[in-house]
Amino acid sequence: MKRMRHHLFLAFACLLLVATARAEYLPRAERIADEVYAIVGPLGQRSRENEGLNANYAFIVTPAGVILIDSGASRLGAQKLEKAIQAITDKPVRWVINTDSQDHRWLGNDYFSGRGAEIIAMKRTAATQGQYARQQLEGLQRFLGERLADTQAKTASRLIEGETAALDLAGEAIKLHYTDAHYPGDAMVYLPRQGIVMSGDLVYVDRLLGVLPGSSVRNEQKAFRNLANYESLHRSNMNRAFVEFEKFE
């Protein structure tokens with residue numbers, strides 16, 4: 001009887017280990033402002049366990065639908081980002097803005113496009129997507145294996161000209177600004193009303209700033225100055241609004 005209990009315990013322990021090893025990674029949205037949410041990915045390398053979602057994503061909920069910042073590394077990863085959004089709102093993703101052309105920021109485009117979303121990116125961002133798509137899919141195969149199934153490389157369909165650009169999506173003011181720092185053609189997204197910047201791969205908490213063969217340290221320095229300018233602009237606008245409120249009172 002004692003030996004049987006021992007064997008049962010070992011069998012249960014093995015089943016528990018297998019279940020733990022196969023535990024699904026489920027992204028979770030965190031509120032950072034009214035109707036603005038972040039999905040903070042794991043710090044490790046791309047893997048089957050994290051679906052290649054080792055990046056930070058964000059979304060804005062508008063009356064007309066959701067604006068998603070970056071779409072994930074695969075079709076499956078995009079579906080998981082969608083589930084994280086659905087835990088917050090039942091509104092569909094109507095727009096996807098790509099800040100970058102690295103694999104984990106845009107290879108979910110095809111999934112969201114198939115569900116009716118418009119895919120938006122700066123012109124150089126989209127050009128780099130097309131340039132590196134095949135190479136990125138081949139590289140991801142090593143990390144994701146069968147979990148990359150049915151992933152198609154779809155570049156942005158709405159291309160934005162200029163070094164900076166302003167968008168109005170369902171009444172939400174959005175500014176795009178090239179950084180060309182961590183990866184060629186990358187950009188950051190600024191929400192002037194909330195004073196929030198989605199910096200893409202320019203800034204990471206708990207990570208070292210990645211310097212790749214295609215990175216530009218000079219452009220990184222310039223991008224950080226632009227980031228500081230956005231902060232100063234927001235502070236100035238907040239102070240002005242406070243003064244105007246006092247005058248009104």
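Predicted model, so just to flag it, every value in this text is computed and none were measured.
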- prompt: Just by distance, do the side chain of N54 and the backbone of G44 share a donor-acceptor pair under 3.5 Å?
  reply: yes
query: Can you check whether I85 reaches V93 side chain to side chain, under 4.5 Å on heavy atoms?
result: yes
side-chain contact (heavy atoms from CB on, under 4.5 Å) between E35 and Q194, worked out: CA-CA 10 Å; E35 305 301 342; Q194 300 91 341; over 6 Å; no
field: I196 with I67, same ILVMFWY side-chain cluster at under 4.5 Å
entry: yes
message: Check this for me: D150, atom CG, are more than 12 non-hydrogen atoms of other residues, nucleotides or ligands nearer than 6.0 Å?
response: no
- request: Drop me the distance from H104's NE2 to S71's OG, to the nearest 0.5 angstrom.
  value: 11.0 Å
message: With rounding to the nearest 0.5 angstrom, report the CD1 to CD distance, I88 to E30.
response: 10.0 Å
task: Could you tell me the separation between the OG1 atom of T164 and the OH atom of Y190, rounded to the nearest 0.5 Å?
output: 13.0 Å
- prompt: Considering all heavy atoms of both residues, which atom of L137 and which atom of A153 are nearest to each other, and what is their separation?
  reply: CD1-CB, 4.1 Å
message: With a 3.5 Å distance limit and no angle check, can you tell me whether E49 reaches the backbone of Y25 through a side-chain donor-acceptor pair?
response: no
query: Under the side chain to side chain donor-acceptor pair (under 3.5 Å) criterion, do Q141 and Q136 qualify, and how do the steps go?
result: CA-CA 9 Å; Q141 187 66 45; Q136 289 176 355; over 6 Å; no
field: Residue pairs involving residues 87-96 (criterion side chain to side chain donor-acceptor pair (under 3.5 Å); sequence neighbours excluded)
entry: none
query: Does one hydrophobic cluster hold both V61 and Y57, with members joined at side-chain heavy-atom distances below 4.5 Å?
result: yes
message: So, taking the atom named CZ in R158 and the one named NZ in K123, what distance separates them when rounded to the nearest 0.5 Å?
response: 15.0 Å
message: More than 12 heavy atoms of other residues, nucleotides or ligands under 6.0 Å from CZ of R134: yes or no?
response: no
More than 12 heavy atoms from other groups under 6.0 Å of NZ on K154: no
field: R124/E161 ion pair, N-O < 4.0 Å
entry: no
field: Taking every non-hydrogen atom, the tightest pair across K80 and P27
entry: CB-CD, 3.8 Å
Test log, rule side-chain contact (heavy atoms from CB on, under 4.5 Å), inputs W106 and T155: CA-CA 8 Å; W106 73 280; T155 60; 4.1 Å; yes
task: Please check if L76 and L140 belong to a single hydrophobic cluster, counting links between Ile, Leu, Val, Met, Phe, Trp and Tyr side chain heavy atoms closer than 4.5 Å.
output: no
- line: Across all chains, not counting sequence neighbours, the side chain to side chain contact (heavy atoms under 4.5 Å, CB included) partners of F143 are Q45, R46
task: Could you tell me which non-hydrogen atom of A126 sits nearest to which non-hydrogen atom of A156, and how far apart they are?
output: CB-CB, 4.3 Å
- prompt: After noting the C-alpha distance and the side-chain angles of I174 and D168, does the key distance pass the side-chain contact (heavy atoms from CB on, under 4.5 Å) rule?
  reply: CA-CA 6 Å; I174 297 172; D168 186 314; over 6 Å; no
- prompt: Quick one: side chain to side chain contact (heavy atoms under 4.5 Å, CB included) partners of A58, sequence neighbours excluded?
  reply: I69, M198
- line: To the nearest 0.5 Å, atom CG of L81 lies from atom CD of Q86 at 11.0 Å
message: Using the rule that Ile, Leu, Val, Met, Phe, Trp and Tyr join whenever any side-chain heavy atoms are under 4.5 Å apart, tell me whether L53 and V66 fall into a single cluster.
response: yes
task: Spell out, yes or no, whether I39 and F112 are grouped together once hydrophobic residues are joined by side-chain heavy atoms under 4.5 Å, including indirect joins.
output: yes
query: Is there a side-chain contact between H177 and E163, using heavy atoms and a 4.5 Å cut-off?
result: no
message: Whether the Y132 and Q102 side chains hold a donor-acceptor pair (N or O, under 3.5 Å, no angle test) is what I'd like checked.
response: no
- prompt: Are there more than 12 heavy atoms of other residues, nucleotides or ligands under 6.0 Å from atom CZ of R28?
  reply: no
- request: Check whether any side-chain N or O of D186 sits under 3.5 Å from a backbone N or O of S101 as a donor-acceptor pair, and report yes or no.
  value: no
message: Under a 3.5 Å cutoff, is there a donor and acceptor pairing between the side chains of T125 and N98?
response: no
query: Under a 4.5 Å cut-off applied to non-hydrogen side-chain atoms, are L167 and I97 in contact?
result: yes
- prompt: Under the 3.5 angstrom rule, does the side chain of R105 hit a backbone N or O of N56 as a donor-acceptor pair?
  reply: yes
- request: Please report the shortest heavy-atom distance between G162 and Y178, naming the atom on each side.
  value: O-CE1, 3.2 Å
- request: Identify the two heavy atoms, one from A38 and one from I32, that lie closest to each other, and give their separation to 0.1 Å.
  value: CB-CG2, 4.2 Å
message: Can you tell me how far apart CZ (R142) and CG (L148) are? Round to the nearest 0.5 Å.
response: 13.0 Å
field: Residue from N109, D110, L144, L107 passing side chain to side chain contact (heavy atoms under 4.5 Å, CB included) with T151
entry: L107
